[in-house]
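As structure tokens, the structure follows; a few thoughts come after it.
In what follows, every heavy atom counts, from backbone to side chain, and hydrogens, waters and symmetry copies are set aside. Below, chains carry the letters A, B, ... as their sequence lines are ordered, and counting in each starts from 1. Please read all numbers here as calculations on a predicted model, not as lab measurements.
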Amino acid sequence: MVDITLPDGSVKNFEMGVTPAEIAKSISEGLFRKAFGAMVNGEMRDLYSPITQNSSVAIITEKDPQAASIFRHTMAHIMAQAVMHVFGKENVKFAIGPVIDNGFYYDFDIPSHKITEEDFSKIEEEMKNIIRQDIKISRKDLSKKEAAELFADQPYKLELITDIVDDTVSVYTQGDFSDLCRGPHLPSTGMVKYAKILSVSGAYWRGDEKNKMLQRIYATSFVKKDELDAYVTMIEEAKKRDHRKLGPALGLFMIDTDIAPGMAFFLPRGTIALNEMRKLSREIHKKYEYVEVETPQIMNVKLWHQSGHWDHYKENMYFSEKEDAMFAVKPMNCPGHMLIYKNNVVSYRDLPIRIFEFGRVHRYERSGTLQGLFRVRVFTQDDAHIFCRKDQIEAEIIKVMNLIQDMYSPFGFKYEAFLSTMPQDHMGDVETWDIATAALKKALEESGNRYTVNEGDGAFYGPKIDFYLTDSLGRKHQCGTIQLDFQMPERFELTYVGPESEQIRPVMIHRAIFGSLERFFGILIENFAGAFPTWMMPEQVSIIPVSEKFNDQADEFAKKFDLQGIRVSVNKSNTTVNYRVREEQLRKVPYMIVFGEKEASGQPLNIRTRNGNTAENVNLDDFIKTVKEEISERKLTLSY
RNA sequence: GCCGACGUAGCUCAAUCGGCAGAGCGGCUGAUUUGUAAUCAGCAGGUUGGGGGUUCAAGUCCCUUCGUCGGCUCCA
């Protein structure tokens, strides 16, 4: 007999070898029907895996976070089985099929056929078929030798079996399809019904470009149809908001892929918005007592030898030779800031020193990896380096985290933090790492940030905290980062003079908040679908004269906004009022005022917003005051 | 860089088997003088990404080159 502890704390007695399925049944028939698997002593297990010792058991149903990884993994097998049926068992070699964030993929080697989007419906049909048959899924533990015999004609599986350290491996079988798999899986193929194939692309076996290129099918799956529909709708919405489309359409930026691949031209409207971001950033950096600097774009390679970039980053750098000297276009700002630090003799009383720069950096990225503003070859970092004493680390980190809060909140972004600790391969002594990591942890806790620890994921030169923000479509973007660097101060022999006149090595903190201004701008375009908060909009108010007769008076009227620092334009094009309202609204201008007889004579205004709302009888002075306040306080939503 | 898909007017997209390169939107010009999401008419706009080849004939087929999009470990 075994004692089973349930999530509510109650303990029940069962036969030796009882399965989670039987336990679920004993609780209620309904729970059994909804059960996908179980957590047994904190491990995910199949519903029919026997339990042979006293354990705590929690049944996983669709509501649990682990559910998706079970049913999507099963769906990956169903897809693989469908692919096998469609293209023929002898033609398909199976690689791996893991669950990923919002779905799953499976890699196939099918020499006889190149999968295209036209194949999707065929595969989906066959998946439905397999689901309809509700085939039983069974698990078998085999010795590696037995498994090797079973997968004799599956080279990728054989390679995986060889690499597995355990003596036995598990194999899941559903009808005519068997796969090497850790599991767990659903008990049968009929339990989850809704799946959709999303895309197909190439992927190297084990992600190594020296290996063979396989065909990877991406797909997703949900328990409920409306969840799947919502996900598909989200993808479509994201497509509509694609900054690569919206940005040029709204006149914000362009990319001439022939002349300057991976490098954006910011157009007049985009530059206004970008400058507003810079303005916000400068205000906040001033509040946190940073000094702003500018460093040269091109510097002698000597500097890059000293910084280590020559050894570790050369492949990504641009070079230029003049007068027998080799120069490098800067890919990072830190070495320049080192030189600025060294320009003075620093006393311990001077610390911390916070050097900030909108540093324009060039990095060669392989052509295939370029992506709009998200992956570029030139970008502007809101980069700063904080030089401080060891005992100042924690306070400095807290300050940076407050700064991040200040910087993200005008955009309404929520974010989460990830702490990466000392990797195997690291420099600096363990004691310094411990102090630094403890300081980062303490700062995270004290600032009230929830965070996740990525053990051993830090850079070789120091631990770091990364910030991921979530946009309005629920997508996550890594932007802010705080990194401690034990290497640079060594390489540049930075020192400060201590109270006993001794030379002491300062600690260096590298941090960026937007990360890349260009990338952050791209995220903002998609987040707001181009309808930025008013303070960032290139045009904030648009005046639409009802007819040519009112053009001059409309210009005079517009001046009143201009004088108050509100960006205003008058749309005098010779079309109907309706048409111009439409134009302005498509350009996402926050406020529109149709200007005619009434307005010319000083009567109260009707304000139309880009959301299609109209506020009637608004006094001009009140309107100006409200908009000015909306701008100066950087409000997220419109006032009308 | 590699694999796949793709590249026609500023934008979105047509063009049957290889047989005269077209439409809508946008732009320009004119008419109209408009009160809160598309007034009407006319005009201009192209070496079909570039180069080469096959053919009587190429947007269409072949080669090459440039670029775009999706992806290239979140590991059975």
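B/G59 is unpaired under the criterion used here, namely a Watson-Crick or G-U wobble arrangement in which both key atom distances are under 3.5 Å. Pair assignment for B/G70: B/C3, on the basis of Watson-Crick or G-U wobble contacts that are both within less than 3.5 Å. Using N1 to N3 plus N6-O4 or O6-N4 for Watson-Crick, or N1-O2 and O6-N3 for G-U wobble, each under 3.5 Å, B/U39 pairs with B/A31. Nucleotide B/A44 forms no Watson-Crick or G-U wobble pair with any nucleotide shown, as no partner meets the under 3.5 Å limit on both distances. Base pairing annotation: B/C17 forms no Watson-Crick or G-U wobble pair, as no partner gives both donor-acceptor distances under 3.5 Å.
Here the side chain of A/Arg269 pairs a donor or acceptor atom with the backbone of A/Leu250 at under 3.5 angstrom.
Under the 90° criterion around 0 for the glycosidic angle, B/C66 counts as anti.
Nucleotides B/U32 and B/A41, compared at atom P, are 16 Å apart to the nearest Å. Nucleotides B/C11 and B/C56, compared at atom C1', are 37 Å apart to the nearest Å. When the C1' atom is compared between B/A37 and B/C25, the two are found 15 Å apart, to the nearest whole Å. Only the P atoms considered, B/G10 is 22 Å distant from B/G42, to the nearest whole Å. The gap from the P atom of B/G22 to that of B/C43 amounts to 14 Å, rounded to the nearest Å. Taking atom C1' in both B/G24 and B/G45, one finds a spacing of 15 Å when rounded to whole Å. Rounded to the nearest Å, the gap between the P atom of B/C62 and that of B/C6 is 11 Å. B/A9 sits 11 Å from B/G26 when the C1' atoms are compared, rounded to a whole Å.
If you check B/G71, B/U33, B/C75 against the side chain of A/Arg216, the one that comes closest is B/G71. Relative to the side chain of A/Ser199, the nucleotides B/G35, B/C72, B/G70 differ in distance, and B/G70 lies closest. The listed nucleotides are B/C72, B/A31, B/A37; the one nearest the side chain of A/Thr369 is B/C72. Which of B/C75, B/U34, B/G71 sits closest to the side chain of A/Thr576 comes down to B/U34. The listed nucleotides are B/U36, B/U34, B/G71; the one nearest the side chain of A/Thr614 is B/U36. Of the candidate nucleotides B/A37, B/G71, B/U32, B/U32 has the atom nearest to the side chain of A/Asn574. The A/Ser201 side chain lies nearest to B/G70 when the options are B/G70, B/C75, B/A37.
OP1 or OP2 of B/G70 has not a single side-chain nitrogen or oxygen of A/Tyr105 nearer than 4.0 Å. For B/G26, one of the phosphate oxygens OP1 or OP2 lies less than 4.0 angstrom from a side-chain nitrogen or oxygen of A/Tyr579. Taking side-chain N and O atoms only, A/Arg244 has a distance below 4.0 Å to OP1 or OP2 of B/G70. Here A/Asn578 reaches the OP1 or OP2 of B/A38: one of its side-chain N or O atoms lies under 4.0 Å away.
Counting non-hydrogen atoms of other residues, nucleotides and ligands closer than 6.0 Å to NZ of A/Lys144 gives a total above 12. Annotation: A/Glu149, atom CD; neighbour count of heavy atoms from other residues, nucleotides and ligands within 6.0 Å is above 12.
Annotation: of the two residues near RNA chain B, A/Thr257 and A/Thr575, the 5′-most nearest-nucleotide partner is A/Thr575. Ranked by how close their nearest RNA chain B nucleotide is to the 5' end, A/Lys245 and A/Lys157 are led by A/Lys245.
Distance, A/Lys212 NZ to B/G71 P: 23 Å, rounded to whole Å. To the nearest angstrom, P of B/C69 lies 13 Å from NZ of A/Lys239. Following rounding to the nearest Å, A/Phe595 (CZ) and B/U34 (P) show an atom-to-atom distance of 16 Å. We find that CZ of A/Arg72 is positioned 17 Å from P of B/C74, with the value rounded to whole Å. Put simply, CD on A/Glu584 is 12 Å from C1' on B/A37, counting in whole angstrom units. Summarising the geometry, the separation between CD1 on A/Ile259 and P on B/U68 is reported as 12 Å, rounded to the nearest angstrom. When the C1' atom of B/G70 is taken as reference, atom CD1 of A/Ile100 falls 13 Å away, rounded to whole Å. Distance A/Ile255 CD1 to B/G67 C1': 12 Å, rounded to the nearest Å.
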Check: Checking salt bridge (charged side-chain N to carboxylate O under 4.0 Å, His left out) for the pair A/Arg206/A/Glu159: CA distance, chi angles, key distance, verdict?
Finding: CA-CA 11 Å; A/Arg206 298 198 149 179; A/Glu159 194 178 322; 3.8 Å; yes
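For the residue pair A/Asp166 / A/Thr168, no side-chain donor-acceptor distance below 3.5 Å is found, with atom types taken as modelled. Judged purely by distance below 3.5 Å, without hydrogens or angles, the side chains of A/Asp46 and A/Tyr172 pair a donor atom with an acceptor atom.
Looking at A/Tyr204, its side chain comes within 3.5 Å of the base of B/G1 through a donor and an acceptor atom. For A/Arg608 and B/A37, a side-chain-to-base donor-acceptor distance below 3.5 Å is present, hydrogens and geometry of angles not being considered.
Among the atoms of the strands shown, base atoms are found under 4.0 Å from some heavy atom of A/Glu599. Residue-level contact check: A/Arg206 touches the bases, meaning some heavy atom is under 4.0 Å from a base atom. Residue contacts for A/Val171: at a heavy-atom cut-off of 4.0 Å it reaches no nucleic acid atom on any strand shown. Among the atoms of the strands shown, only primed sugar atoms or phosphate atoms (P, OP1, OP2) are found under 4.0 Å from some heavy atom of A/Val577. Within the nucleic acid shown, A/Tyr156 has no heavy atom closer than 4.0 Å to any nucleic acid atom. No engagement by A/Ile161 is indicated, since no non-hydrogen atom pair under 4.0 Å with the nucleic acid exists. Heavy atoms of A/Asn606 sit under 4.0 angstrom from at least one base atom. Among the protein residues, A/Gln215 comes within range of no part of the nucleic acid, since none of its heavy atoms lies under 4.0 Å from any strand.
Seen from the ring of A/Phe104, A/Arg72 does not count as a face-on cation partner, given the 6.0 Å and 45° thresholds.
The one candidate from A/Arg567, A/Lys588, A/Arg587 that meets the salt bridge (Lys or Arg N to Asp or Glu O under 4.0 Å) condition with A/Glu539 is A/Arg587.
Aromatic rings of A/Phe521 and A/Phe532 (six-membered ring for Trp) have centroids within the 6.0 Å cut-off, being under it.
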